[in-house]
Undergrad: 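Handing you this structure, nothing more for now.
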Amino acid sequence: QVQLVESGGGLVQVGGSLRLSCAASGSIFKINTMGWYRQVPGKQRELVADITDGGSTNYAESVKGRFTVSRDNAKNTVYLQMNSTKPEDTAVYYCYARVRPYSTTTYTTGFWGQGTQVTVSS
């Protein structure tokens with residue numbers, strides 16, 4: 001199995017910055033895609049940003065120009081730099097990774113982190 005451990009969440013004032021990290025460990029040969037989703041009570045979980053092994057990125061329209069997703073392949077870690085935060089960014093943020101577990105496998109499996117709370121105070 002694969003474990004995803006998030007860090008960096010917490011309380012930030014509106015307009016401030018926060019950097020989330022997610023480190024993957026376990027049965028990993030290659031990580032195809034890593035990214036971040038967020039969810040608030042009563043709403044669907046939504047994609048915030050993700051990044052492929054080739055470096056292609058995808059962002060929710062609401063965070064373009066404010067958030068940046070990046071990855072360190074040597075550390076199996078994905079980051080989310082959150083700038084110019086808004087109260088509507090308040091949510092539980094979940095790390096996601098699609099993993100090829102072994103060198104002898106050709107399929108991939110998706111995994112979720114435990115979630116980390118981000119609160120933007122106004």
Undergrad: Given side chains that start at C-beta, do those of Leu47 and Asn58 come closer than 4.5 Å, heavy atoms only?
TA: yes
Undergrad: Please confirm whether Arg45 makes a cation-pi placement over Tyr94, using NZ or CZ under 6.0 Å from the six-membered ring centre and within 45° of the ring normal.
TA: yes
Undergrad: Using atom types as modelled, flag every donor-acceptor pair under 3.5 Å from a side chain in residues 9-20 to any protein atom, sequence neighbours excluded.
TA:
unit_1, atom_1, unit_2, atom_2, d
Ser17, OG, Asn83, OD1, 2.8

Undergrad: Please answer: with hydrophobic residues joined when any side-chain heavy atoms are less than 4.5 Å apart, are Tyr37 and Ile31 in the same cluster?
TA: no
Undergrad: Quick one, Phe29 with Thr104, criterion side chain to side chain contact (heavy atoms under 4.5 Å, CB included). Give me CA distance, side-chain angles, the key distance, then yes/no.
TA: CA-CA 9 Å; Phe29 176 70; Thr104 54; over 6 Å; no
Undergrad: Between the side chain of Glu6 and the main-chain N/O of Gln114, is any donor-acceptor distance below 3.5 Å?
TA: yes
Undergrad: When the aromatic ring centroids of Tyr93 and Trp36 are compared, is their separation below 6.0 Å?
TA: no
Undergrad: Give the minimum heavy-atom separation between Arg66 and Ser84, together with the two atoms involved.
TA: NH1-O, 3.0 Å
Undergrad: Check the pair Asp89 / Arg38 against side chain to side chain contact (heavy atoms under 4.5 Å, CB included), numbers first and verdict last.
TA: CA-CA 9 Å; Asp89 294 323; Arg38 66 187 181 189; 3.0 Å; yes
Undergrad: Taking atom types as modelled and ignoring hydrogens, do the side chains of Glu46 and Gln39 form a donor-acceptor contact shorter than 3.5 angstrom?
TA: no
Undergrad: Verify side chain to side chain contact (heavy atoms under 4.5 Å, CB included) between Gln1 and Phe111, making sure each step is shown before the conclusion.
TA: CA-CA 9 Å; Gln1 293 296 106; Phe111 296 93; 3.6 Å; yes
Undergrad: How far does NZ of Lys30 sit from CG of Asn73, to the nearest 0.5 angstrom?
TA: 9.5 Å
Undergrad: Is the shortest side-chain heavy-atom distance between Thr90 and Gln117 below 4.5 Å?
TA: yes
Undergrad: If we only count heavy atoms from C-beta on, is the Val69 to Val78 side-chain gap below 4.5 Å?
TA: yes
Undergrad: Linking I/L/V/M/F/W/Y whenever their side-chain heavy atoms sit closer than 4.5 Å, directly or via other members, would Tyr59 and Val118 fall into one cluster?
TA: yes
Undergrad: Would you mind telling me which of Thr108, Thr33, Thr109, Asn32 makes a side-chain hydrogen bond (donor to acceptor under 3.5 Å, both in side chains) with Arg98?
TA: Thr108
Undergrad: How far does OG of Ser21 sit from CD of Gln81, to the nearest 0.5 angstrom?
TA: 9.5 Å
Undergrad: Tyr79 and Thr77: which non-hydrogen atoms are nearest, and at how many Å?
TA: CZ-CG2, 3.5 Å
Undergrad: To the nearest 0.5 Å, how far apart are CH2 in Trp112 and SG in Cys95?
TA: 9.0 Å
Undergrad: How would you list, by chain and number, every residue that makes a side chain to side chain donor-acceptor pair (under 3.5 Å) with Asp50, sequence neighbours excluded?
TA: none
Undergrad: Apply side chain to side chain contact (heavy atoms under 4.5 Å, CB included) to the pair Leu4 and Val2, showing each step before the final yes or no.
TA: CA-CA 7 Å; Leu4 303 177; Val2 171; 4.1 Å; yes
Undergrad: For Ala91 and Val40, work out which heavy atoms get closest and say how close.
TA: CB-CG1, 3.5 Å
Undergrad: Are the charged groups of Asp53 and Arg71 less than 4.0 angstrom apart, N to O?
TA: no
Undergrad: Could you tell me the separation between the CE atom of Met82 and the CZ atom of Phe67, rounded to the nearest 0.5 Å?
TA: 3.5 Å
